[in-house]
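These notes concern the structure reproduced below.
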Amino acid sequence: MLEGETVHQEVRQWFRETARELPWRGDCPPWGVLVSEIMLQQTPVVRVRPIWEEWMARWPSPAALAAAPPAEVLRAWGRLGYPRRALRLHAAAAQIVERHDGAVPDTFDELLALPGIGTYTGAAVAAFAFGRRETVVDTNIRRVHARLVIGQALPSPSLTAAEMALAAELLPEDPAESVEWNAGVMELGALVCTARSPKCGLCPVVEQCAWIAAGQPEPAYVPKGQPWAGTDRQVRGAVMAVLRAADSPVQAELLWSPAVELTADASHTGHPGEVAAALDRLHGLNTHAPQLQRALSGLVGDGLAQLSEAGYHLPH
DNA sequence: GACCCGTGGGA
DNA sequence: TTCCCAAGGGT
């Protein structure tokens with residue numbers, strides 16, 4: 001077992017000296033923290049940052065976002081990926097207005113009840129926006145714990161109760177210290193204790209690391225990849241790119257067939273060049289009909305797109 | 001628990 | 001170039 005006090009002190013000092021200055025850290029309203037946490041789900045900081053800045057300027061409160069049309073929210077989401085996060089964030093904003101008088105709730109349970117907020121995000125917002133003592137466990141923290149305490153190269157494929165128990169055990173009693181510990185371990189995982197080629201030479205707790213002590217054993221399993229080429233997700237992404245670029249409904253025929261593409265552009269205001277380019281990319285996939293149908297139905301079913309007589313478009 | 005959901009930068 | 005994977009959540 002590790003020497004708790006030393007590890008906590010080393011991580012705290014390292015964090016204060018090394019941490020990135022991120023706009024949603026420090027003096028940031030809870031709404032900004034919430035938006036950042038949703039955007040950061042499975043998405044790197046460098047890509048979130050500019051979009052987050054735009055959102056804060058455009059929708060500085062839950063009420064502001066709740067009043068925006070879903071289509072505008074999806075367009076503003078840009079290419080962050082997993083666009084249903086944008087829809088859920090929009091729905092969360094509406095719920096905050098309706099049930100919490102427009103103020104981001106400050107407890108884990110209330111946050112967890114909002115759409116798009118799970119155990120990680122609920123704990124993270126409660127901790128980082130409101131200074132609460134919460135067991136925050138994300139992919140970075142899981143990996144650091146796996147190496148530092150357990151001595152394994154990677155955490156288990158899915159989050160286990162044992163990991164939550166360990167994280168709770170390691171959490172400092174003092175709320176302020178617990179917040180900094182959570183942020184510090186997360187930052188350590190993001191900058192030093194990375195998934196591939198960790199920078200152990202820069203690690204403040206390398207002396208206490210069980211994985212180093214064990215001789216840096218290989219992972220006990222092979223992480224399963226995320227297939228992409230030829231999947232429905234790829235097709236959905238290509239369709240979404242078309243709809244984001246188009247300000248008006250896109251004729252279904254244009255999505256199905258490159259043959260009628262030449263007659264298309266004039267019907268779309270805004271960014272006809274981008275619409276044409278996105279259509280080219282979709283057609284370049286040579287998607288089979290059942291797959292495109294599945295993708296379109298899926299997008300409509302998820303509320304990301306609507307189908308009218310004029311064609312497919314982002315939801316009003 | 002297994003599976004699905006986007007995107008792009010870096011190794 | 002191909003592969004990995006990133007502050008997860010919902011079903």
field: Value in whole Å for how far the P atom of C/dG9 lies from CG of A/L34
entry: 11 Å
message: Ignoring hydrogens and geometry beyond distance, is the side chain of A/T43 in donor-acceptor contact with the base of B/dG6 at under 3.5 Å?
response: yes
query: Of the candidate nucleotides C/dG8, C/dC5, B/dT7, which contains the atom at the shortest distance from the side chain of A/A195?
result: C/dC5
field: Crowding at CD, A/E207 (>12 non-hydrogen neighbours, <6.0 Å)
entry: no
- request: Report yes or no: do A/D232 and A/Q291 form a side-chain donor-acceptor pair below 3.5 Å?
  value: yes
query: More 5' along DNA chain B: A/G237 or A/S197, using each one's nearest nucleotide?
result: A/G237
- prompt: Under 4.0 Å between a side-chain N/O of A/R244 and OP1 or OP2 of B/dT7, yes or no?
  reply: yes
field: Of A/L304 and A/V46, the one whose closest DNA chain B nucleotide lies more 5'
entry: A/L304
statement: Considering only heavy side-chain atoms of A/E37, the closest of C/dA7, B/dG1, B/dG6 is C/dA7
query: What interatomic distance, in whole Å, is found between C1' of B/dG1 and the corresponding atom of C/dG8?
result: 16 Å
- prompt: What is the distance, rounded to the nearest whole Å, between atom CG of A/L89 and atom C1' of C/dG8?
  reply: 14 Å
- request: Check the distance between C/dG9's C1' and A/L114's CG and give it to me in whole angstrom.
  value: 13 Å
field: Spacing between A/R236 atom CZ and B/dC4 atom P, to the nearest angstrom
entry: 12 Å
message: Ring centres under 6.0 Å, that's the criterion: do A/W31 and A/W59 meet it?
response: no
- prompt: For the base of B/dC4, is there a side-chain donor-acceptor partner from A/R233 under 3.5 Å away?
  reply: no
- request: Using whole Å, report how far CD1 of A/I117 lies from P of C/dA7.
  value: 19 Å
- prompt: Could you state the CZ-P distance from A/R85 to C/dA7, rounded to the nearest angstrom?
  reply: 12 Å
- prompt: Between C/dT11 atom C1' and A/Y82 atom OH, what is the distance in whole Å?
  reply: 15 Å
message: For A/H145 and A/W181, take the angle between the two ring planes, folded into 0 to 90°, and tell me which bin it lands in: parallel under 30, tilted 30 to 60, perpendicular over 60.
response: parallel
- prompt: C/dA6 P sits how many Å from A/E187 CD, rounded?
  reply: 14 Å
message: Could you tell me if the side chain of A/T43 sits less than 4.5 Å from the side chain of A/R85, heavy atoms only?
response: yes
- prompt: Given C/dG8, is OP1 or OP2 found less than 4.0 Å from the side-chain N or O atoms of A/Q42?
  reply: yes
